[in-house]
Amino acid sequence: MVRWPAARSESPEEVEREESGGKRQAEEEEGRWGRMLPELLGEIVRRVDAGGEQWPQRKDIVAYAGVCRRWRDTARGIVRQLRENGDITFPSSLKEPGPRDSPVQCLIRRNKSNSTYCLYLGLTESFTDKGKFLLAARQFKHGAHTEYIISLDADDLSQGSNAYMGKLRSNILGTKFKIYDSQPPYNGAKVSSSRTSRRFTSKQISPQVPAGNFVIGRVSYKFNLLKRGPRRMHCTLQCPSAKDTTGEGDSPKSKAHNPGTTILKNKAPRWHEHLQCWCLNFHGRVTVASVKNFQLAATEDASQPSGIGDQETVLLQFGKVGDDTFTMDFRQPLSAFQAFAICLTSFGTKFACE
Amino acid sequence: MGKTIKLISGDGEMFEVEEAVAFQSNIIKSLADEDNADDCIPLPRVDSQILSKVLEFCRKHANSPSVHTKFAAIPSELCPKHDGSAAGASSSESSSAHSETCRACYDAVMKLVQWDLEFVKVDLDLIHHLLKAANYLDIEDLMFMAVEGAANAIRGNNPEEIRKLFDLENDFTPEEEKEILKEYSWLDDPFEP
């Protein structure tokens, strides 16, 4: 008895075409890659991703996602997996939590002449290598308040721009800051409209044109005015909670989660009697003493199932390595955007004594 | 020839090949394992031109040590089978004997990988057919290489170039296009601040 090899999830049209003697006609040949099975497209994009784990090769995934709807949908599946690694691939990755196990190492470069700060993903160990550009911020004075506009485009730092990501606003004294996100706090469900999930997905990859400003965090500073010592930082952030990072499905329903609260405090430096200075162990990532330098650990951590932070693990570290060069290392539950905004507050405090 | 298997392509051509060659396909293997030793196995979804290319690949792989071609873009420096480390090497003598085997194994694998890379340096049309055939017939190494062939055509190109190569239409809405343009301009570095 003759047996036919088992069908392997092909569409009825494809089966019919192949079984009609396998003749290739002109119409069949057109758009064949467009009709490629999703699993096979998935294999291809996974291979492109595997070959391009670092920038600049990572461009290839972004190029892949710009080809056509079907390919973009496939890339979205990979992006969801990538999110769990904290990889930065698309602009939207900047608002996703960083990795769980080890921090992402970034650099911030300041340009005093135009009050601009640029965030780069570090690609090597060196503090002078360029890195991959991530975000730019510029300081603006609004009456007595100071604002920092954060954008994907270093040449376009306006709130109305397509590249606008959010902003930081300080109080008059420079002791309290609010972080605004151009998107509502981590609610993929709200971003969607009544359109089908397929169209919804292409919006998932890039942030939308802003509909407003949403407060997603607050940072405050308390200073030791009597004795010169390190200042105390307190941050409250809306971050995705633990169950959000378990990519359980693509349905909008699985994304209708509530953001959790994360509370961060700076780790207290130790007084080094011998060196007569305050010391924090930055593990080589900070090389110039500065009152701006800090390490933040969580008392409440939205990414932990219990919601409790261990108060030990450094979730955000910031410090000076050159006149206008700073390192920024962050991990979950913080996103690159949130980490950058918090670091900007360090520049914004008026009582910085250096 | 040892034991052979008869295969019939979608357009009716018969291919008789050694078991070791045909059994690169897990599907053919599982079908042939059943009682009907004299029957031909029909493969309606693969025509003769593609089947002959597939069998060329299988022939090459049947006579070579098993290759774990699970590398990202370039094979790693270490032998895939032995990890570069001698399993259970206790004395220097056994480890040197092992490293000889290891070296030989490594060289054979590298040669095969080179052959594979050449094999998929073909037009995307053929890659497409090989990919479908490898998927249909469940031939792991061929699947791997066909995917690599497609991925290689994507690397280093921008979306428009990729569309041309793969004959795909740009079916994005103007709004989606704006998003994509934003993503793409984010790839370029701004001037130093």
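Naming convention: chains lettered A, B, ... in sequence-line order (proteins, then strands); numbering from 1 in each chain.
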Next item on the list: Locate the shortest heavy-atom distance separating A:Asn162 from B:Lys182; write the atom from each residue and the value.
Entry: O-NZ, 3.0 Å
Item checked: Heavy-atom closest pair, residues B:Pro159 and A:Gly66 -> CB-O, 3.4 Å
Note to self: Would you say that A:Arg69 contacts B:Thr173 through its side chain, given a criterion of any heavy-atom pair below 4.5 Å between the two side chains?
What the structure shows: yes
Next item on the list: First locate atom CD of B:Glu183, then atom CD1 of A:Ile61, and finally report the distance between them rounded to the nearest 0.5 Å.
Entry: 11.5 Å
Notebook entry, point to check: Nearest 0.5 Å, what's the CE-CZ distance between B:Met145 and A:Arg47?
Noted result: 8.0 Å
Next item on the list: Give the minimum heavy-atom separation between B:Ile162 and A:Ala63, together with the two atoms involved.
Entry: CD1-CB, 4.0 Å
Notebook entry, point to check: How long is the span from the CZ atom in B:Arg163 to the CH2 atom in A:Trp71, to the nearest 0.5 Å?
Noted result: 10.5 Å
Margin query: Is there a side-chain contact between A:Glu43 and B:Leu131 in this structure, where contact means two heavy atoms from C-beta onward sitting under 4.5 Å apart?
Written below: no
Item checked: Gap between atom OH of A:Tyr64 and atom CD1 of B:Ile154 - 0.5 Å precision -> 5.5 Å
Next item on the list: Answer whether the closest heavy-atom distance between the side chains of B:Met143 and A:Leu40 falls below 4.5 Å.
Entry: yes
Item checked: Heavy-atom pair of closest approach, residues B:Ile180 and A:Arg72 -> CG1-NH1, 3.6 Å
Next item on the list: Could you tell me which non-hydrogen atom of A:Lys132 sits nearest to which non-hydrogen atom of B:Trp186, and how far apart they are?
Entry: NZ-O, 2.8 Å
Notebook entry, point to check: Can you tell me if NZ on B:Lys53 sees more than 12 non-hydrogen neighbours from other groups inside 6.0 Å?
Noted result: yes
Item checked: Rounded distance (nearest 0.5 Å) linking atom CD1 of A:Ile44 with atom CG of B:Asn152 -> 12.0 Å
Next item on the list: Between chain A and each of B:Ser48, B:Ser30, B:Ala146, B:Ala151, count heavy-atom pairs under 4.5 Å; write down the option with the most.
Entry: B:Ala151
Note to self: Just verifying a value: how many Å separate B:Leu187 CG and A:Phe90 CZ, rounded to the nearest 0.5 Å?
What the structure shows: 9.5 Å
Check: Any chance CD of B:Glu169 has more than 12 other-residue heavy atoms, nucleotides or ligands included, within less than 6.0 Å?
Finding: no
Item checked: Proximity breakdown for A:Leu94 and chain B, heavy-atom pairs closer than 4.5 Å -> side chain
Notebook entry, point to check: Would you call B:Phe166 and A:Val67 a side-chain contact if the rule is heavy atoms closer than 4.5 Å?
Noted result: no
Item checked: Partner chain A: residue of B:Asn157, B:Ile28, B:Leu124 with the largest heavy-atom pair count (under 4.5 Å) -> B:Leu124
Check: Taking only residues two or more places apart in sequence, or in another chain, which ones meet A:Asp129 in a salt bridge (charged side-chain N to carboxylate O under 4.0 Å, His left out)?
Finding: none
